[in-house]
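These notes concern the structure reproduced below.
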Amino acid sequence: MNIVEQMKERIKEEVAQAAEKAGIVSKEELPVIILETPKEKEHGDFATNLAMQLAGVAKKAPRLIAEDITSNFDKSKASIEKMEIAGPGFINFFLDNSYLRDLIPSIVNEGKTYGKTNYGGQEKVQVEFVSANPTGNLHLGHARGAAVGDSLCNILTMAGYDVTREYYINDAGNQISNLALSVEARYLQALGVDADMPEDGYHGADVQQFGKELAEKHGEQYVDVEKEERLAFFREYGLKREMEKLKQDLLDFGVDFDVWFSETSLYEDGKIEETLQLLEESQEVYKEDGAIWFKSTNYGDDKDRVLVKSDGTYTYLTPDIAYHKNKFERGFKKVINIWGADHHGYIPRMRAAVQALGYNKEQLETQIIQMVNLYENGEKVKMSKRTGKAVTLRDLMEEVGIDATRYFFAMRSADTHLDFDLDLAKSQSNENPVYYVQYAHARLCSIFRQAEEKGFAFEPEADLSAVATEKEYDLLKKMGEFPEIVALAAEKYAPHRITNYLHELSSAFHSFYNAERVVDSEDERKTKARLVLVKAVQTTLQNGMRLIGVSAPEKM
RNA sequence: GCCCUAGUAGCUCAGUGGAAGAGCAACAGCCUCCUAAGCUGUAGGUCACAGGUUCGAAUCCUGUCUAGGGCGCCA
């Protein structure tokens with residue numbers, strides 16, 4: 001708990017005592033006291049709504065209750081300068097903020113770990129995200145999923161969870177057979193043979209490229225090979241190349257998975273049969289019309305789901321259930337899936353499956369990444385999966401850049417539709433929100449360069465009593481919020497809380513920067529104190545930027 | 001038809017029981033001074049609509065409207 005949180009606790013205690021002393025309520029009747037940081041400065045450093053909460057129990061006007069509380073409040077206990085009753089019955093506290101100076105050395109000492117809490121208690125959590133079929137390039141939606149998923153993993157880690165990043169490779173089933181057929185067709189075409197692409201084939205330039213590669217490398221070697229063997233070869237080749245590309249794109253985007261989990265391995269290890277058997281034993285399935293059905297309606301789904309089709313093959317759901325069973329068997333207490341919007345309707349059946357396997361439904365959390373609409377020149381860009389004409393993650397990284405792309409995706413709540421303005425993301429101007437934060441960092445670095453030039457050494461143990469202006473206290477208050485914000489972002493699975501925070505912190509810094517000088521040859525004591533202050537800002541800013549995978553440039 | 005998500009300033013969006021917010025755009029100022037990709041100020045809102053619960057609702061409940069998505073023995 002940092003100094004700000006300690007101060008809040010102390011005030012809460014005093015508020016509780018004052019309420020008791022005033023005889024408004026007994027200790028048992030006292031609700032949890034909420035102490036918030038008002039948005040408006042006129043409303044003080046902290047405020048509580050307790051008087052209004054008690055109005056019902058006390059049968060008294062909130063403002064009168066507030067008066068009773070304030071008159072029984074021992075101001076000396078918590079650096080309180082004054083208290084005001086405002087609005088419908090808020091009690092606003094105005095503090096002597098010099099206590100905030102203690103934050104500075106603690107942030108500087110903690111360095112890269114500032115913001116870390118043990119909110120998650122080192123619980124083992126698995127996050128599955130992206131998991132795009134290895135049949136083409138990662139597109140916009142996957143890019144959003146990658147940015148949000150990776151940021152969320154960073155946040156969870158900092159909030160004290162033991163996180164594993166995982167990618168589920170759909171390397172079994174129809175889509176891979178289709179990939180094999182598509183590679184085959186492109187291979188033949190590259191040799192000048194008039195071959196048709198399969199109906200649901202993959203028309204992307206990548207598959208075309210594979211065909212060319214194969215034609216160059218192997219010539220007509222595979223034209224006359226027996227069909228089964230030939231397709232197996234194309235299948236393996238296509239898959240290998242797609243996976244290489246996927247991994248590289250994601251790595252370049254700053255996303256590094258711990259586990260790449262193959263769907264095929266579930267077949268090979270008999271995990272699917274095992275899961276089916278288990279469901280059968282616990283009477284969660286039944287036979288009808290030659291198929292095997294899962295009674296998902298027992299767990300709130302709106303209809304039962306086929307697990308084994310009448311032709312004997314599995315539906316997509318079946319291996320996925322086995323996969324989820326495997327996740328829990330590996331000891332994860334919580335499993336988080338980050339899925340595209342097209343999987344929305346799939347959530348109830350997966351939740352049902354997890355329960356049918358005997359797990360608690362709270363152990364599975366599914367976050368939906370909503371659709372991304374791309375805008376360019378003020379117009380919506382049309383995309384078509386069939387023809388392979390789509391904006392890819394690679395395009396975004398090249399055209400927009402990694403930082404702006406990641407910031408834009410992390411910036412918005414993931415479960416709402418996102419309009420991605422390509423011109424805005426590309427623009428190197430103040431219209432682009434990512435630069436606001438990066439610029440703050442570049443300015444911080446510039447201050448240290450200047451200090452060095454002017455002969456000021458950075459001294460972590462410097463006397464900080466010169467830190468005393470309102471702008472400095474505003475900055476410190478903002479920095480003090482960071483660990484709470486990280487924990488909250490983890491609790492709500494909401495990376496955009498971090499970008500909001502970074503913007504606020506940058507704003508407090510820019511405001512300070514314009515009002516006050518750090519490096520001042522006339523005042524060594526102040527300069528040294530402010531250098532440590534500014535170091536703490538830099539540390540906090542860097543830690544936040546790292547969470548969302550945005551670089552912190554030293555110059556811009 | 002059923003289910004999910006959304007509807008808040010001109011635009012893009014935060015806020016999800018407690019005092020209506022930010023960025024951009026608009027308007028007016030601020031560089032002999034650590035980076036003006038910045039700062040300061042002004043203006044801009046029946047929080048889609050109608051009921052309900054509450055001392056108090058943008059937030060919770062019900063209904064309606066609008067937009068997007070999902071409802072397959074596809075993945």
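Just so we're on the same page: letters track the sequence lines, and every chain starts at 1. Keep in mind that the numbers below use all heavy atoms, side chains included, and drop hydrogens, waters and symmetry copies. Being a predicted model, the structure only gives us computed values, none of them experimental.
Taking only side-chain atoms of Arg497(A), from C-beta outward, the nucleotide of rG23(B), rG15(B), rC13(B) with the closest atom is rG15(B).
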For nucleotides 53-55 of chain B, tabulate all protein N/O to nucleotide N/O atom pairs closer than 3.5 Å, reporting atom names and distance.
none

Can you name the atoms? Protein N/O to nucleotides 56-61 of chain B N/O, anything below 3.5 Å, with the distance.
none

Nucleotides 38-40 of chain B: which of its N/O atoms have a protein N/O under 3.5 Å away?
residue	atom	partner	partner atom	Å
rG38(B)	OP2	Asn430(A)	ND2	3.3
rG38(B)	O2'	Arg443(A)	NH1	2.7
rG38(B)	O2'	Asn514(A)	ND2	2.9
rG38(B)	N2	Asn514(A)	OD1	3.3
rC39(B)	OP1	Tyr436(A)	OH	2.4
rC39(B)	O4'	Asn514(A)	ND2	2.9
rU40(B)	OP1	Ser511(A)	OG	3.0

Every protein N/O within reach of nucleotides 43-47 of chain B N/O, cut-off under 3.5 Å:
none

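Nucleic acid contact for Thr313(A): none, since no nucleic acid atom lies under 4.0 Å from a heavy atom of the residue. Using a 4.0 Å heavy-atom cutoff across all strands shown, Glu42(A) reaches no nucleic acid atom at all. Within the 4.0 angstrom heavy-atom criterion, base atoms lie near Glu554(A). Across all strands shown, Ala440(A) has no heavy atoms under 4.0 Å from either base or sugar-phosphate atoms. When heavy atoms are screened at a 4.0 angstrom cut-off, Glu516(A) is found touching base atoms of the nucleic acid.
Salt-bridge formation is not detected for the pair Arg530(A)/Asp520(A): no Lys NZ or Arg NE/NH1/NH2 atom is positioned less than 4.0 Å from an Asp or Glu carboxylate oxygen. Under the 4.0 Å criterion applied to side-chain N and carboxylate O atoms, Lys327(A) and Glu128(A) are assigned as salt-bridge partners. A salt bridge is defined here as a Lys NZ or Arg NE, NH1 or NH2 lying under 4.0 Å from an Asp or Glu carboxylate O, and Glu481(A) with Lys478(A) meets this definition. Note on Asp474(A) versus Lys41(A): salt bridge recorded, some NZ/NE/NH1/NH2 to OD/OE distance being below 4.0 Å.
To the nearest whole angstrom, the two C1' atoms, one in rU12(B) and one in rU8(B), are 12 Å apart. For rC4(B) and rC61(B), the P atoms lie 11 Å apart once the distance is rounded to whole Å. Across the C1' atoms, rC73(B) and rG17(B) are found 47 Å apart, a figure rounded to whole Å.
Under the 4.5 Å side-chain criterion, counting only non-hydrogen atoms from C-beta, Leu179(A) is not in contact with Asn133(A).
Distances shown here put every side-chain N or O of Ser413(A) at or beyond 4.0 Å from the OP1 or OP2 atom of rC13(B).
Between Pro460(A) and Val532(A), the shortest heavy-atom distance links the atoms O-CG1, 4.0 Å.
Relative to the ring axis of Phe512(A), Lys471(A) does not place its NZ or CZ within 45° and under 6.0 Å from the centre. Cation-pi geometry between Lys361(A) and Tyr299(A) is not satisfied (NZ or CZ under 6.0 Å from the ring centre, within 45° of the ring normal).
You cannot call His496(A) stacked on the base of rA14(B); the centres under 5.5 Å and planes under 30° rule is not satisfied.
In this structure, the CG atom of Leu35(A) is 13 Å from the C1' atom of rG18(B), given to the nearest Å. To the nearest angstrom, P of rC4(B) lies 17 Å from CH2 of Trp339(A). Remark: P of rA22(B) and CG of Leu502(A) are 18 Å apart, rounded to the nearest angstrom.
Taking the six-membered ring where the residue is Trp, His503(A) and Tyr436(A) present parallel rings, their angle staying beneath 30° rather than reaching 60°.
Lys325(A) meets the salt bridge (Lys or Arg N to Asp or Glu O under 4.0 Å) test with Glu274(A), Glu329(A); sequence neighbours excluded. The side-chain hydrogen bond (donor to acceptor under 3.5 Å, both in side chains) test applied to Asn178(A) returns no partner, not counting sequence neighbours. Looking at residues two or more places apart in sequence or on another chain, you find a side chain to side chain contact (heavy atoms under 4.5 Å, CB included) between Ile34(A) and Asn49(A), Gln53(A). For Lys528(A), the side chain to side chain contact (heavy atoms under 4.5 Å, CB included) partners two or more places apart in sequence, or in a different chain, are Glu459(A), Ala462(A), Glu524(A). Checked against side chain to side chain contact (heavy atoms under 4.5 Å, CB included), Ser413(A) has the following partners two or more places apart in sequence or in another chain: Asp415(A), Thr416(A), His496(A). Listed by chain and number, the residues in a side-chain hydrogen bond (donor to acceptor under 3.5 Å, both in side chains) with Gln355(A) amount to none (sequence neighbours excluded).
Nearer to the 5' terminus of RNA chain B, by closest-nucleotide assignment, is the contact made by Ala494(A) (compared with the other of Leu54(A) and Ala494(A)).
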* In B/S/- notation, 5' to 3', how is nucleotides 67-75 of chain B contacted by protein heavy atoms closer than 4.0 Å? -> -BSSSSBSB
* Derivation and outcome, salt bridge (Lys or Arg N to Asp or Glu O under 4.0 Å), residues Lys245(A) and Glu242(A) -> CA-CA 5 Å; Lys245(A) 210 153 46 67; Glu242(A) 290 288 4; 3.2 Å; yes
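rC71(B) takes the anti form, because its glycosidic angle lies more than 90° either side of 0.
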* Asked: Reading RNA chain B 5' to 3', how would its secondary structure be written in dot-bracket notation, given Watson-Crick and G-U pairs with both distances under 3.5 Å, brackets [ ] for crossing pairs and | for partners on other strands?
  -> ((((((((.[[[[.)..(..]]]].(((((.......))))).....[[[[[..)....]]]]])))))))....
